[in-house]
Every structure is written in C-alpha cells, then in structure tokens.
Participant: 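Below is the structure I would like to discuss, written out as structure tokens.
Within every chain, numbering begins at 1; the chains are lettered A, B, ... in the order of the sequence lines, protein sequences first and strands thereafter. Any value given below was found using the heavy atoms of this structure, including those in side chains, with hydrogens, waters and symmetry copies removed.
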Amino acid sequence: MTDSIPESPAANTTSTFLRDLIAEDLRTKKYGEAVIQTRFPPEPNGYLHIGHAKAICIDFGLADEFGGKTNLRFDDTNPAKEEQEYVDSIMKDVRWLGFDWERLCYASDYFGQLYEWALQLIREGKAYVDDLSADQMREHRGTLTEPGTDSPFRNRTVEENLDLFTRMKAGEFPDGSRVLRARIDMASPNINMRDPVMYRILHTAHQRTGDAWCIYPMYDYAHGQSDSIEQVTHSMCTLEFADHQPLYRWYIEQLGIFPSQQIEFDRLNLTYTMLSKRKLLQFVQEGRVNGWDDPRMPTLSGIRRRGFTPEALRAFCGAIGVSRTNGTIDLEMLEHFQRDDLNRRAARAMAVLRPLKVVIDNYPQGQEEFVEVANNPEDPAAGTRQVPFSREIYIEQDDFREVPPPKYYRLSPGKEVRLRNAYFITAQSVVKDAEGNIAEVHCTYDPASRGGNSPDGRKVKSTMHWVSAAHAIGAEIRIYDKLFTNAFPSEVEEGGDVLDNLNPNSLEIVTGAKLEPSLGSAAHGERFQFERVGYFCVDPDTTPTKLVFNRTLPLKDSWAKIEKKAGA
RNA sequence: UGGGCGAUCGUCUAAUGGUAGGACAGUGCCCUUUGGAGGCACUUGUCUAGGUUCGAAUCCUAGUCGCCCAGCCA
C-alpha cells in the first residue's frame with residue numbers, strides 16, 4: 001500500500017442537526033467566547049466496535065470542525081466490570097481511527113468531588129440514605145403506568161443521613177445494605193426521576209483507585225457532573241439516554257455548576273452485525289470467535305485485523321449522517337467505502353487461491369522470463385515490478401470450464417484468453433486424473449503477444465491472473481464471510497437465541513494457494529488487492545516460514561451475478 | 001393502558017413554507033490488459049385523514065406505526 005494518494009474528497013458531509021445546533025450555540029454565544037468542548041466517554045468494560053467509531057467521529061470530528069477540543073474520558077464507575085486491558089485497547093483504537101484527545105480523564109478522578117457534592121445535596125435535604133433492599137426498592141418504584149411510593153426512610157433527618165452516608169463510605173456496611181438516593185419525585189412519569197440511586201456500596205477494588213472507596217457513584221450521578229467539571233459544552237450520547245436528560249440537568253441545576261448540555265443521536269445499526277457489548281463478550285468467552293480481534297468481529301480491533309482502514313471508516317461515518325431516527329445501515333454501504341479506499345491505495349498482486357495447472361506446450365522447456373507489471377493501475381506513482389513467467393503456470397480453477405456456460409468469457413477448449421501482462425494462450429486439451437477431475441490444461445501461446453497485446457490487433461474477451469508454478473510461494477488464506485446469516489441477528493424464533501443465527505461458514509481456510517514471489521516479503525498488516533479476487537492483508541500470525549493472509553473483502557463479481565441469475 | 005423519542009426511494013440521509021436531491025443497493029448501456037475501477041442512463045419515496053396557505057415533506061388537528069424506559073449496569 002502506498003500513502004502517496006490523497007484521501008478521497010471529503011466524505012459526504014451531510015448537514016446534521018448536531019452541526020446546526022453547535023453552529024447556533026456559537027452564533028448566540030451560549031457559552032461565551034469558549035470553544036466547543038466535547039468528550040468521548042467509553043466504559044472500559046469491553047472492546048470498542050464500529051458503533052463506537054460513529055460516536056468517536058461525532059465527538060472528535062464535530063469538535064475539530066468547530067475548532068473545539070475533545071477529552072477521552074473513561075466512565076469507570078463500576079469496578080466490577082472494568083479492566084485495564086479495556087482501557088489500553090480503547091486508547092489504541094481511538095488513535096488508530098485517527099483521533100487524539102485534548103485530555104485523558106477518568107470519572108474516577110472525580111470521586112472526591114462527587115462525594116463532596118453528595119454531602120451538599122444531603123445537607124440541602126435533596127438526598128437520603130435508604131435501607132430498602134433492591135427487591136423492596138423495585139416494589140416501591142411503581143410501574144410504567146403506576147406511580148411509585150415513598151420509602152419509609154425518605155424522611156430521615158439531615159444529621160442521620162450525613163452520619164449514615166459517612167459510615168457507608170467508611171465501610172461499616174455490607175454490599176447492598178444501603179444506598180444514597182436523590183430525593184426527587186416518586187410519582188414522576190419519568191421513572192429515572194423516582195428518587196434515583198446515587199451511590200451503592202461495593203467492596204470491590206477499583207482498577208485505578210484501589211480500595212480507597214467502597215461506595216461508587218451511579219452513571220447518572222457521575223456523568224453530567226464529570227461533563228460539567230470538564231466544561232463540556234456539548235455532551236453527545238445515544239438515544240436511549242434521552243429519558244435521563246431531566247436527571248442530568250437536575251443534578252447540574254441543584255449543584256449550580258457548569259451547564260453542560262446533553263444531546264442525543266441515533267445509535268449505529270448494521271445489517272448482519274451484532275453491536276451489543278454483552279453479546280460480543282459472550283462470543284469471546286464461549287469461543288464462538290477467536291478473541292476480541294477475530295477478523296469476523298465488528299470490534300475495531302477485529303476490523304483492523306481484517307484489513308479495514310481508518311480512512312474508510314471515517315468516510316463511512318461521514319456518509320451515513322446523524323439523526324434521531326432508528327435505522328439500520330446496509331452492510332454494503334460500509335463495504336463500499338472500504339473498497340473505494342483500497343481500490344485507490346492497495347498495491348496489486350497475483351495470487352491463485354484454488355490452483356489449476358496450465359502447461360504451455362509450445363513454450364520452450366526450461367525457459368523463464370520476467371514481465372513488467374503495474375503495482376497499481378490506479379496510481380502510476382506506485383511503480384512497476386517484474387513477475388516471473390514460465391512454461392507451467394497456475395490459474396484459478398474457476399477460470400477454466402471444459403463446457404463453458406453462456407456468457408462465460410474465460411478459458412475453455414479452443415478459446416483464446418490473455419494472461420495478464422503476459423501472453424495470449426489458447427486451450428488445446430485437458431488431462432484428467434483417475435476420478436475424472438481436470439488435473440491440467442494444455443495450451444499454446446502466441447509469442448508475438450508478449451505484454452498482453454497481439455500485434456495484429458486481435459481481441460480476447462477475458463484477462464486472467466496467473467502465477468508461474470516454478471516460482472510460486474504458498475500461503476494460508478483466511479476467507480471471512482458474515483458472522484450471521486440473518487440481516488437482523490437479534491431476530492430469533494420463540495425460545496431461540498442469537499447464536500442460532502451464527503453463520504457456520506463464516507471462516508474458510510484455504511491452504512493450497514499459489515502466490516507470486518514478491519508477496520514473500522510482505523510485512524504484517526500490509527494490504528493488497530489480489531487481482532480479480534479481492535483485498536487481502538497480512539495477518540499477524542504470519543511467521544518467517546508461514547505466510548497468512550486475511551481476506552478483507554472480495555472484489556465485486558459481476559460474473560457471479562450473471563451465473564446466479566442463470567441458475568435461478 | 002404512564003412518559004420520552006421518531007416516521008422522506010429497498011437502505012441511510014438532504015430539502016428549515018417555494019422544482020423532493022445525494023449516497024449505497026438494483027437495472028441497462030458504454031468503456032476496460034482486473035467480468036475490478038470508471039462513465040452515462042433508468043427505476044423507486046414525503047405514514048394516514050382532514051385543515052391553514054397562491055403554494056405544505058415542512059405549519060395545525062386527529063389518527064396509525066416503530067423505538068426506548070420499571071439495574072444498587074452504562
């Protein structure tokens with residue numbers, strides 16, 4: 001791959017409601033002369049996926065666009081689920097996508113301040129310690145249609161609340177025995193406002209604060225204030241948090257602190273893709289895939305290993321736009337942007353995945369020569385290379401048919417085709433093995449057609465890739481397909497499970513591939529277009545003695561379409 | 001049956017009272033030393049019913065449909 005090609009013209013920057021809103025806030029000087037401040041707030045409880053890429057592009061991209069700043073903030077308020085491994089992977093993924101943060105923050109940095117604010121709310125009679133069990137609290141919460149009822153502990157004195165909360169912090173009570181709740185309104189039609197829990201007791205060591213704390217703030221009590229502390233002007237999050245906005249504002253207003261504003265947008269959904277962290281974790285833990293970076297996973301680490309590029313991901317995120325509509329993007333859209341990027345930048349090479357031997361009978365025995373081949377026809381600056389040619393070569397099994405179907409342009413008995421950048425050949429006869437399978441095809445070549453054109457102007461219908469048998473190198477090729485057979489993986493039959501929709505053929509390992517020798521020196525992660533086949537990249541499993549390629553995506557295949565139509 | 005949010009080509013997204021446009025997908029043609037890429041063309045859409053207006057995707061009224069919320073998860 002070369003980096004000399006300029007990035008594609010800015011992706012469709014669809015004008016979004018977020019852009020309009022920020023522009024308006026800037027125009028009215030809602031935040032004075034301050035620049036836009038955003039944040040990307042992942043919880044370090046799993047690996048980032050393509051859905052997060054959209055959020056990252058929004059949080060960082062919009063701030064960039066308006067000359068603002070973006071913090072990376074880990075929302076690490078639940079030590080039971082969070083790990084340093086996830087923190088590390090998230091930082092790596094954000095950088096890989098092409099973004100860098102103004103400040104690296106952690107919600108846990110604010111535990112002290114949050115605690116002080118909790119004391120303030122208690123003193124103002126706006127928070128209380130509740131001794132109800134989780135089950136009892138659920139009963140008191142009411143339902144979607146019925147109001148909740150007050151806890152018997154709701155009217156404790158400020159002194160008692162202060163005493164109890166201080167002792168909660170001191171570790172005097174066991175997990176689950178008490179919580180601190182905001183005193184708002186048990187009859188609110190918005191369940192989030194029915195005296196939400198602010199703190200729970202959790203005698204669990206935190207990956208950053210160790211055992212300094214045994215009470216931990218809930219998301220709602222931590223997020224808005226964290227935004228406020230960082231002077232976040234635009235706190236973008238997904239739609240399911242819209243119901244939490246009144247609470248987000250309530251804490252900020254009661255505390256009288258910097259008025260960060262929450263704005264919700266639609267989550268990314270993709271056909272044939274599962275973007276639930278919980279489910280992805282399950283696939284990893286149950287061994288349904290080979291880890292978080294399995295190239296079939298929608299995680300950024302999986303996608304990266306698969307060979308996708310940050311440029312393509314960013315172009316995709318720009319093109320899909322942002323709205324408040326629940327929708328599902330066709331996977332083809334993502335694939336389109338990836339092909340578009342790789343087509344312009346990936347070096348070409350010839351590789352035969354399922355080899356069929358061709359013997360050129362009138363080519364001198366023992367002779368070899370080198371033909372000059374463009375590294376990337378889309379990019380003359382990528383230069384050329386010399387590829388060895390000889391009497392015995394491999395072509396793709398699919399490229400020969402003893403009995404050609406209609407519209408089949410490739411090699412068949414008596415038919416002349418071009419070997420890319422080499423010669424015209426004509427199939428003369430077939431040799432079969434004991435089972436009747438075609439073992440080799442014998443051809444004749446036209447020495448005058450060297451380079452791929454005949455001086456008499458003769459045309460051929462087809463151009464095929466090939467690899468000289470004597471010079472070929474081997475490789476393992478991993479062919480990936482969709483992880484799910486259903487466009488909507490979570491659509492399952494009664495009593496069924498997402499696992500029922502897993503595609504049993506999502507990974508095919510091809511071991512007998514024959515590659516042109518130049519590929520022998522390819523580096524880990526290097527990307528290629530195997531001409532007429534697809535885009536591939538070198539997998540990290542590659543060793544000095546074993547080459548492994550991942551197929552990122554196949555090339556579009558209009559012959560497959562014709563064939564399918566004829567068969568249907 | 002509480003509250004919140006939403007509804008424009010098959011999919012995603014523009015149009016902010018003034019010609020419903022783009023991208024992906026699809027179809028056809030042209031071009032091609034990748035049946036790739038590229039070029040051209042075509043098809044398909046404002047949830048419904050009323051209303052306001054010279055004019056409505058946009059405003060009003062009433063429906064319909066979809067998504068989210070009853071964790072001491074985020």
Side-chain angles (χ1 to χ4, degrees), chain A residues 11-12 14-17 20 41-43 45 75 77-78 80-82 130 132-134 137-139 141-148 175-181 188-194 196-202 215-216 218-220 222-223 237-246 264 266-267 269 271 277-278 316 319-337 339-340 343-344 348 350 373-374 377-378 407-410 418-422 451-453 460-465 529-534 554-562:
Chain A
N12 292 330
T14 54
S15 90
T16 74
F17 77 98
D20 293 348
E43 181 188 13
N45 68 342
D75 224 329
T77 57
N78 186 358
K81 292 184 175 176
E82 298 154 7
D130 197 344
L132 251 29
S133 70
M137 207 179 287
R138 189 177 316 115
E139 284 160 22
R141 191 153 32 230
T143 69
L144 292 178
T145 54
E146 303 157 33
D175 288 5
S177 58
R178 289 187 163 88
V179 294
L180 182 72
R181 304 177 72 176
S188 172
N190 181 344
I191 292 180
N192 294 299
M193 300 298 274
R194 317 240 261 231
V197 172
M198 293 165 62
Y199 274 93
R200 75 283 213 185
I201 300 172
L202 232 45
I215 55 171
Y216 292 95
M218 299 287 290
Y219 164 85
D220 285 306
H223 201 94
C237 63
T238 45
L239 249 19
E240 67 269 26
F241 290 99
D243 287 343
H244 295 244
Q245 207 194 117
E264 309 87 13
D266 63 325
R267 201 184 189 87
N269 293 302
T271 54
K277 269 193 191 175
R278 211 185 97 253
F316 168 72
I320 59 177
V322 188
S323 72
R324 293 176 65 92
T325 318
N326 283 308
T328 303
I329 313 268
D330 279 344
L331 222 211
E332 281 117 334
M333 179 94 80
L334 208 213
E335 297 180 342
H336 163 78
F337 282 95
R339 287 197 183 95
D340 186 53
N343 175 53
R344 274 178 286 109
R348 312 289 128 124
M350 290 196 287
V373 177
E378 301 285 322
K407 291 187 182 167
Y408 185 83
Y409 301 153
R410 281 111 96 146
R418 171 168 40 230
L419 293 176
R420 175 137 236 232
N421 295 106
N453 275 312
V460 290
K461 269 293 219 184
S462 181
T463 299
M464 297 170 11
H465 61 286
Q529 182 200 94
F530 290 172
E531 292 206 57
R532 300 208 309 135
V533 181
L555 247 33
K556 287 217 229 164
D557 187 350
S558 55
W559 164 244
K561 217 175 262 185
I562 293 168

Participant: Who pairs with A/His223 by ring pair (Phe, Tyr, Trp, His ring centres under 6.0 Å), at least two apart in sequence or on another chain?
Facilitator: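 Ring pair (Phe, Tyr, Trp, His ring centres under 6.0 Å) list for A/His223, sorted by chain: A/Tyr219.
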Participant: Any side-chain N or O of A/Arg200 below 4.0 angstrom from OP1/OP2 of B/A74?
Facilitator: yes
Participant: Applying salt bridge (Lys or Arg N to Asp or Glu O under 4.0 Å), name anything that partners A/Arg532, two or more places apart in sequence or on another chain.
Facilitator: A/Asp399
Participant: So A/Leu419, base contact, sugar-phosphate only, or nothing? Heavy-atom distance under 4.0 Å.
Facilitator: nothing
Participant: Report which part of the nucleic acid A/Ser558 touches: base, sugar-phosphate, or nothing (heavy-atom distance under 4.0 Å, all strands).
Facilitator: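 The answer is sugar-phosphate, as A/Ser558 gets under 4.0 Å only of primed atoms, P, OP1 or OP2.
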Participant: Please write out the pairs of protein N or O atoms and N or O atoms of nucleotides 63-69 of chain B separated by less than 3.5 Å, giving the distance to one decimal.
Facilitator:
{"from": "B/C67", "atom 1": "O2'", "to": "A/Asn326", "atom 2": "ND2", "distance (Å)": "3.1"}

Participant: Checking all strands, does A/Phe530 fall into the base, sugar-phosphate, or nothing category for heavy-atom contacts under 4.0 angstrom?
Facilitator: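 The answer is nothing, as A/Phe530 stays clear of every strand by at least 4.0 Å.
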Participant: Quick one: label A/Gln529 by what it contacts on the DNA or RNA (base, sugar-phosphate, nothing), any heavy atom closer than 4.0 Å.
Facilitator: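 Base, at least one base heavy atom under 4.0 Å.
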Participant: Which residues pass the side chain to side chain contact (heavy atoms under 4.5 Å, CB included) test with A/Glu264, sequence neighbours left out?
Facilitator: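 Side chain to side chain contact (heavy atoms under 4.5 Å, CB included) check on A/Glu264 returns A/Cys237, A/Leu239, A/Ala242, A/Gln245, A/Gln262, A/Arg324.
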Participant: Suppose we screen for ring pair (Phe, Tyr, Trp, His ring centres under 6.0 Å). Which residues come up paired with A/His244, at least two apart in sequence or across chains?
Facilitator: A/Phe241
Participant: Looking at residues at least two apart in the chain, or sitting in another chain, which of them share a salt bridge (Lys or Arg N to Asp or Glu O under 4.0 Å) with A/Arg178?
Facilitator: A/Asp131
Participant: Which string of ( ) [ ] | and . matches RNA chain B, if you list each base 5' to 3' and count Watson-Crick or G-U pairs only when both distances are under 3.5 Å?
Facilitator: .((((((..((((....[..)))).(((((.......)))))....(((((..]....))))))))))).....
Participant: Could you give the side-chain donor-acceptor pairs of residues 326-334 of chain A under 3.5 Å, partners two or more places apart or in another chain?
Facilitator:
none

Participant: Does A/Met464 reach a base, just sugar-phosphate, or nothing at all? Heavy atoms under 4.0 Å.
Facilitator: nothing
Participant: For nucleotides B/A7 and B/A14, find the distance between their P atoms and express it as a whole number of Å.
Facilitator: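 My reading of the P atoms in B/A7 and B/A14 gives 10 Å.
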Participant: A/Tyr408: what forms a ring pair (Phe, Tyr, Trp, His ring centres under 6.0 Å) with it, not counting sequence neighbours?
Facilitator: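 Per chain and number, A/Tyr408 pairs via ring pair (Phe, Tyr, Trp, His ring centres under 6.0 Å) with A/Trp559.
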